[in-house]
Amino acid sequence: MAHSPAAPYLGPMTTRIARLDSRALIRVSGPDARPFLHTLLTQDVETLTEGQLRFGALLSPPGRLLFDLFLWGGPDAIVLDVAADRRDALLQRLAMYKLRARVTVEPDDRPIFAAWGGDLPDGFVADPRTPALGGRAYGGAVAADATEADWQAHRLAVGVPDPATDAPADKTYPIEANFDLLNGIDFQKGCFVGQETTSRMKRRGAIKTRMLPIAFDGPTPVFGAEVLNGDLRAGEVLSGRDGAAMALLRLDRLDGALTVDGRPVEVRRPAWVPPAA
């Protein structure tokens, strides 16, 4: 069926907090920490202030996603919030780039928390992607009253992909994962790894596919299941839960009767995705 018009996410008004064990931290310190990260990541690190949180990524030289991450300005270091099962790989990648830079890159074992649904508690910083996602906190005595599964359900309801599960490493361009719409790329900052391809896609408007949430009846199709528009391939299903999932969809095939495994599918364009995108 045709994709639905943009509509704001209507969630609970009571703040909920979950510990995110699927995420882990890396601490980058030393005199060259900021310029070192600034030349690598899609986000501006030089202007990151203490206590500020930004969203970004480390790309491959051809411009595909390797690691999604948050950057938090600590008092004496830049802290990276990354997928826990990818932390060791990112540590190795940063060590490869370090060369003679005066930086120390090491694991940080503080827990990560997400809060959503109401006013942010003390110690939480607003999620830079969209206000509907709430905020994040690192370390401290935080009392969680929800599970990570609750948080993931909220994220999916807001329509924001999780690159750690929706974008296998070195397969997806960041704009396909909506990094340009979620404040994950600073197009004014200058060079970063993979910049040429990323900037060219944005400048030329050569964006043929994007990750968008879909709704359907029943269990989630397998990862990679085809989304069809009639007999034409319109995309593929990514991660999800019963009744809802993310999908990588062709933008020129959203109109019409979409199906997955013979079941009708509705594309639910989030409010934060402008019609022009």
Side-chain angles (χ1 to χ4, degrees), residues 4 6-27 43 48-57 68-75 77-85 87 108-166 177-179 181-184 211-215 220 238-246 268-274:
S4 61
Y9 169 68
L10 301 177
M13 297 306 295
T14 301
T15 303
R16 306 190 71 189
I17 299 174
R19 175 169 170 157
L20 305 183
D21 290 326
S22 67
R23 306 292 294 187
L25 301 177
I26 292 174
R27 186 176 185 273
Q43 190 52 261
L48 183 71
T49 59
E50 183 175 341
Q52 188 177 24
L53 187 64
R54 290 178 176 172
F55 179 57
D68 72 288
L69 47 84
F70 294 86
L71 304 95
W72 181 71
I78 304 298
V79 177
L80 307 181
D81 168 348
V82 304
D85 62 358
R87 180 169 70 172
D108 181 336
D109 291 328
R110 286 177 293 176
I112 301 169
F113 297 92
W116 72 97
D119 295 335
L120 289 181
D122 291 342
F124 281 78
V125 184
D127 193 306
R129 294 173 292 179
T130 172
L133 287 177
R136 297 169 94 86
Y138 303 112
V142 178
D145 60 2
T147 67
E148 181 162 354
D150 295 329
W151 155 248
Q152 298 294 357
H154 172 75
R155 174 192 57 76
L156 186 57
V158 177
V160 173
D162 178 6
T165 56
D166 293 322
N178 300 323
F179 273 67
L181 306 179
L182 294 167
N183 303 310
M211 291 183 184
L212 294 169
I214 58 173
T220 307
L238 305 174
S239 68
R241 58 204 300 266
D242 287 357
M246 295 301 302
R268 293 186 172 175
R269 181 187 291 268
W272 52 265
V273 176

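By convention here, the first residue in the shown sequence is residue 1.
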So, the side chain of Asn183 versus the backbone of Pro128: is there a donor-acceptor pair under 3.5 Å, distance only?
-> yes
Practice item. Would you please test Arg110 and Asp81 for salt bridge (charged side-chain N to carboxylate O under 4.0 Å, His left out) and show each step? Key: CA-CA 10 Å; Arg110 286 177 293 176; Asp81 168 348; over 6 Å; no
Is any side-chain N of the basic residue among Asp68 and Arg23 closer than 4.0 Å to the acidic one's carboxylate O?
yes
Rounding to 0.5 Å, atoms CZ (Arg27) and CD1 (Ile78) come to a distance of 10.0 Å
TODO: Assess whether side chain to side chain contact (heavy atoms under 4.5 Å, CB included) is satisfied between Val158 and Arg129, documenting all intermediate values.
DONE: CA-CA 11 Å; Val158 177; Arg129 294 173 292 179; over 6 Å; no
#### Entry: pair Ser239-Gln152: side-chain heavy atoms closer than 4.5 Å
no
Inset, instruction - Indicate yes or no for a side-chain donor-acceptor contact from Arg136 to the backbone of Val125 under 3.5 Å, with no hydrogens or angles considered. - result: no
Test item: Leu212 and Arg268 side chains (from C-beta on) under 4.5 Å apart, heavy atoms: no
Contacts satisfying salt bridge (charged side-chain N to carboxylate O under 4.0 Å, His left out) that involve residues 146-159 (not counting sequence neighbours) are Arg16-Asp150
Which of parallel (below 30°), tilted (30 to 60°) and perpendicular (above 60°) describes Phe55 and Phe70?
tilted
Any side-chain heavy-atom pair from Asp108 and Tyr138 closer than 4.5 angstrom?
no
Are the side chains of Thr15 and Trp116 in contact, using a 4.5 Å heavy-atom criterion? no
*asked:* Around atom CG of Asp242, are there more than 12 heavy atoms from other residues, nucleotides or ligands closer than 6.0 Å?
replied: yes
Any heavy-atom pair between the side chains of Val160 and Pro270 that's under 4.5 Å? no
